[in-house]
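Just below is one structure, and these are the notes that go with it.
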Amino acid sequence: RIPQCVCVRGEFLLLLINFPYLRSTVRPPHIVFILADDLGWYDVGYHSSEIRTPNLDKLSAQGVRLENYYVQPVCTPSRNQLMTGRYQIHTGMQHQIIWPCQPYCVPLDEKLLPQLLKEAGYGTHMVGKWHLGMYKKDCLPTRRGFDTYFGYLTGSEDYFTHERCYDIAPLNLTRCALDLRDGEEVAAAYKGDYSTELFSQRAVSVIKKHNSSKPLFLYVALQAVHSPLQVPERYLAPYSFIEDRHRRLYAGMVSAMDEAVGNISLALQQEGLWDNTVLVFSTDNGGQTVYAGSNWPLRGRKLSLWEGGVRAVGFVAGPLLEKPGTVSRELIHISDWLPTLVGLAGGSTGGTKPLDGFNVWKTISKGFASPRQELLHNIDPLYSDLAPSEKNVSLRGDICHTPVKGNADSSSPDRWAKFGFNVSIHAAIRSSNWKLLTGYPGCEVWFPRPGYNGSDSGVPKLGPLKPIMLFDVEKDPEERNEVSAQFPDVVDYLLTRLQEHQKTALPINYPDDDPQCDPGPTGAWGPWA
Ligand SMILES: *[C@@H]1O[C@H](CO)[C@@H](O)[C@H](O)[C@H]1NC(C)=O
Ligand SMILES: *[C@@H]1O[C@H](CO)[C@@H](O)[C@H](O)[C@H]1NC(C)=O
Ligand SMILES: *[C@@H]1O[C@H](CO)[C@@H](O)[C@H](O)[C@H]1NC(C)=O
């Protein structure tokens, strides 16, 4: 019989089984996901930066640049949503990051992206930063879907020694210890190797060892370009024109990262995988201006819910895109990758908890409208700005306002009560062109373009922040014109939506440090429970 292609997934598979000649034509693609750390909006060549990223520019020019693409404002949350396809409020991880001694991880009843791809027949490999919890072995990447792992479990280490220093509060001591593992074993032999090169070499070796008859999932979570600002001298040579020493170091780090991406894509080509590869590049959050990142001209930075914290550099590359060489301005979020990639893999998301992400493949590949109309940036009742301490602050003005106190618009104190949402809470939500922020969103400054030498500081004078702010981020991506007074209906609607989301939130899980985490003077950070 002639098959009617009403392609519910199960039926489609049945068709493939009945028509073996079709089977060979549908090969699940290799999926390579490269996540940069703290790369800012203004820190790629194709956003007119003074930093040169020829590989990112070229790959994205031949692929699809995502210019209305969002991530979470900080590390663990973005990675959490990438791996689960679910908002932070649904895993109890809406507050901050996982610190080295906190005894928790992404809940073990969450099914992660690599598990789903493994079920779909993929070989799954991870290189780089995990940061999704490691207090017990069940939390490790190798126990959560990755066949192999090479990388570090926490964050902020030294690029050469691979040590992480952390103040263990209950022990009243600062411990510096190694954080690098090959599989589950401590990897002590790489002292002195610059991590951007180390991780790209490992990624290349995974690609070279891979038997291409099996689909590959490779997740490369680079250390670059997170602080500390460290880079081998040779990457600095092109940047002698940058006067600010921190920005110069940072630019060199970006160049090393760009070279890593170039090396990985070259290996895919050399090994004959590229023709059937989907490569995704994304940052995990906005740039950290304190460490010379830049999100110009966007407002705010890493750790804030302003566009500078959450609007991300991202693109998709590879020959499977049906409209290569285009720019997507459709709303896409990091939680969308799980359903998108599992869909591409021909896998099933049936085993997950209810997803907050959407399958956006047709949006990316064919330019269709995004299925995503709304985006919950976060709701975090415990928020406080994690601005680094004064001694680390660069010369660039660090002049964030202090948080707004009070939970109501003083002109009409009862105005917001009916929505049941406490507007002193740090939260933000996007719906089509509108973005509503409540509470203190984090550092609210428009940091000037790097190298700006104007007579004024380049930083506009700021009025006091309001507990409720509304922006039309399509027309006003820099969040300069606060319009809540002009659009009260939009405000009402979005406050209602925030309250509806908040009702579905799990209680925050953010335990105290466990002193048993201490690896001792010669140990390495790792599972202790
Ligand atoms: C922590 O150690 C410092 C330096 O040894 C000491 O001055 C301080 O009193 C200690 N604090 C506590 C709470 O034990
Ligand atoms: C990229 O590959 C070249 C050639 O093998 C190597 O010299 C360079 O160190 C690699 N760069 C990175 C960042 O791994
Ligand atoms: C790759 O895998 C296929 C299928 O399992 C096998 O037939 C083939 O020998 C493998 N190739 C190599 C080089 O191992």
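Nothing here was measured: the structure is a model prediction, and the numbers come from that model. FYI, side chains are in, hydrogens and waters are out, and symmetry mates aren't considered; it's all heavy atoms of this structure. Counting starts at 1 for both ligands and their atoms, in listed order.
Applying the disulfide bond (SG atoms under 2.5 Å apart) test to residues at least two apart or on different chains, the pairs with a partner in residues 108-139 are C105-C139. For residues 201-230, no pair satisfies disulfide bond (SG atoms under 2.5 Å apart), with sequence neighbours left out.
With respect to Y190, the ring-ring contact (aromatic ring centres under 6.0 Å, His included) criterion is satisfied by exactly one of F150, Y152, F160: F150.
Among residues two or more places apart in sequence or in another chain, the side-chain hydrogen bond (donor to acceptor under 3.5 Å, both in side chains) test is passed with E184 by T142, R143.
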Could you pull out the N/O contacts under 3.5 angstrom between ligand 2 and the surrounding protein atoms?
{"from": "ligand 2", "atom 1": "2 (O)", "to": "N263", "atom 2": "OD1", "distance (Å)": "3.2"}
{"from": "ligand 2", "atom 1": "2 (O)", "to": "N263", "atom 2": "ND2", "distance (Å)": "2.3"}
{"from": "ligand 2", "atom 1": "9 (O)", "to": "E197", "atom 2": "OE2", "distance (Å)": "3.3"}
{"from": "ligand 2", "atom 1": "11 (N)", "to": "E259", "atom 2": "OE2", "distance (Å)": "2.5"}
{"from": "ligand 2", "atom 1": "11 (N)", "to": "N263", "atom 2": "ND2", "distance (Å)": "3.0"}
{"from": "ligand 2", "atom 1": "14 (O)", "to": "S200", "atom 2": "OG", "distance (Å)": "2.5"}
{"from": "ligand 2", "atom 1": "14 (O)", "to": "N263", "atom 2": "ND2", "distance (Å)": "3.4"}

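Every atom of ligand 3 with a heavy atom of S213 under 4.0 Å away is listed here by number and element: 1 (C), 2 (O), 3 (C), 4 (C).
Remark: R299 is positioned above the aromatic ring of W306, its terminal NZ or CZ atom under 6.0 angstrom from the ring centre and at most 45 degrees off the axis.
At least one donor-acceptor pair under 3.5 Å links the side chain of T91 to the backbone N or O of Q88.
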